[in-house]
Q: 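Quick one: the structure is below, and I'll ask about it shortly.
We're numbering straight along the sequence, starting at 1.
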Amino acid sequence: MTSWNSEKILDPGPLTEAFGSIDADARKTLELFLTSTRPLLGALQMKLLTGDLSGAAAAAHSAKGAANVTGAFRLGSLCAEICTLLRQGDGERAQALAIGLPDAFAEVQEAIRRL
């Protein structure tokens, strides 16, 4: 099993392993990640604001999976931590962490742009 850098904003390892390189197909996958994850993060924040902890946890879990598959491990880790807090019923701490989601996503978006 390959070990990737979980502290990096974007580790190309998972996509390089899947596609052989960051080719056109890998770039399409990254674009799909961006277009599908942005609304997930928005839904997560909206569900937090309305007190829907279960719905917010589901959105955080989905965003975590998408981030980890594409190598956006730092964003994935933040989503995982938020998901854990939500499943424990700690919406207040989850909401405090969720404030960092837009910046974390923007970092990934910029890293993808630089590939």
Side-chain angles (χ1 to χ4, degrees):
M1 174 169 232
T2 303
S3 171
W4 298 301
N5 185 342
S6 63
E7 297 301 314
K8 286 181 85 173
I9 293 169
L10 182 66
D11 184 337
L15 289 177
T16 301
E17 187 172 292
F19 293 98
S21 66
I22 303 299
D23 62 5
D25 288 334
R27 290 184 188 284
K28 286 179 188 174
T29 298
L30 289 167
E31 187 58 38
L32 178 62
F33 163 75
L34 292 174
T35 59
S36 64
T37 303
R38 181 179 290 114
L40 272 176
L41 297 177
L44 190 166
Q45 290 181 318
M46 184 59 69
K47 290 178 185 300
L48 278 172
L49 289 174
T50 62
D52 180 359
L53 300 188
S54 176
H61 181 77
S62 293
K64 174 197 73 160
N68 288 339
V69 165
T70 57
F73 294 124
R74 192 182 300 175
L75 176 62
S77 178
L78 178 57
C79 291
E81 191 171 352
I82 291 168
C83 185
T84 297
L85 288 170
L86 289 166
R87 288 181 176 164
Q88 294 170 350
D90 194 344
E92 189 174 306
R93 284 182 50 207
Q95 194 163 14
L97 283 179
I99 290 169
L101 287 170
D103 288 340
F105 185 77
E107 288 177 334
V108 173
Q109 191 170 16
E110 177 60 22
I112 289 170
R113 187 194 65 75
R114 288 191 313 258
L115 273 180

Q: Under a 3.5 Å distance rule, please check whether Q45 uses its side chain to pair with a backbone N or O of A98 as donor and acceptor.
A: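 At least one qualifying donor-acceptor pair exists.
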Q: Would you find a donor on one side and an acceptor on the other, under 3.5 Å apart, between the side chain of T70 and the backbone of A67?
A: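 Such a contact is found between T70 side chain and A67 backbone.
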Q: About how many Å separate CZ of F19 and CG of L30, when rounded to the nearest 0.5 Å?
A: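 Here the rounded value is 8.5 Å.
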Q: Taking only Lys NZ, Arg NE, NH1 and NH2, and the carboxylate oxygens of Asp or Glu, determine whether K28 and E31 approach each other closer than 4.0 Å.
A: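 E31 and K28: not salt-bridged.
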Q: Please assess R38 against Q109 for the test side-chain contact (heavy atoms from CB on, under 4.5 Å), listing each intermediate value before the final yes or no.
A: CA-CA 10 Å; R38 181 179 290 114; Q109 191 170 16; 2.9 Å; yes
Q: Grab the two heavy atoms, one from L41 and one from A63, that are nearest each other, plus how far apart they are.
A: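 Scanning both residues completely, I find the closest heavy atoms to be CD2-CB, 3.8 Å.
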Q: What are the two closest non-hydrogen atoms of G91 and L53, and how far apart are they?
A: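 Closest approach of G91 to L53: CA-CD2, 3.8 Å.
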Q: Taking the side chain as every heavy atom from C-beta outward, state whether R74 and V108 have any atom pair closer than 4.5 Å.
A: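 Sidechains of V108 and R74: no contact.
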Q: Between C79 and A60, what is the shortest heavy-atom contact and its length?
A: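 Scanning both residues completely, I find the closest heavy atoms to be CB-O, 3.5 Å.
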Q: Do you know which of L86, L78, D90 makes side-chain contact (heavy atoms from CB on, under 4.5 Å) with L97?
A: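 Testing each of L86, L78, D90 against L97, the sole residue satisfying side-chain contact (heavy atoms from CB on, under 4.5 Å) is L78.
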Q: To the nearest 0.5 angstrom, please state how far the CD atom of E110 sits from the CZ atom of R113.
A: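 Going from CD on E110 over to CZ on R113, the span is 4.0 Å.
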Q: Going only through I, L, V, M, F, W and Y residues with side-chain contacts under 4.5 Å, is there a path from F105 to L32?
A: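 No, F105 does not connect to L32 through the hydrophobic network.
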Q: Grab the two heavy atoms, one from L48 and one from Q95, that are nearest each other, plus how far apart they are.
A: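 Closest approach of L48 to Q95: CD1-CA, 3.9 Å.
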Q: Do the non-hydrogen side-chain atoms of P14 and N68 ever get within less than 4.5 Å of each other?
A: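 A side-chain contact under 4.5 Å is absent here.
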Q: What distance separates K64 NZ from S77 OG, expressed to the nearest 0.5 Å?
A: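 So the NZ of K64 and the OG of S77 are separated by 10.0 Å.
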Q: Got a second to check how far D103's CG is from L75's CG, nearest 0.5 Å?
A: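 The CG atom of L75 is 11.5 Å from CG of D103, to the nearest 0.5 Å.
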Q: Say whether I112 and L101 are linked into one hydrophobic cluster, either directly or through other cluster members, by side-chain heavy-atom distances under 4.5 angstrom.
A: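 As far as the 4.5 Å side-chain criterion goes, L101 and I112 are connected within one cluster.
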Q: Tell me whether S62 contacts the main-chain N or O of A58 through its side chain, where contact means a donor paired with an acceptor under 3.5 Å.
A: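 Checking the backbone N and O of A58 against the side chain of S62, a donor-acceptor pair under 3.5 Å is found.
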Q: Between M46 and L40, is there a shared hydrophobic cluster once you connect ILVMFWY residues whose side-chain heavy atoms come closer than 4.5 Å?
A: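 In one cluster with M46: L40, no.
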Q: Applying the 4.5 Å side-chain criterion to the ILVMFWY set and letting contacts propagate, would V69 and I9 be lumped into a single cluster?
A: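 Per the 4.5 Å side-chain linkage, V69 and I9 are not co-clustered.
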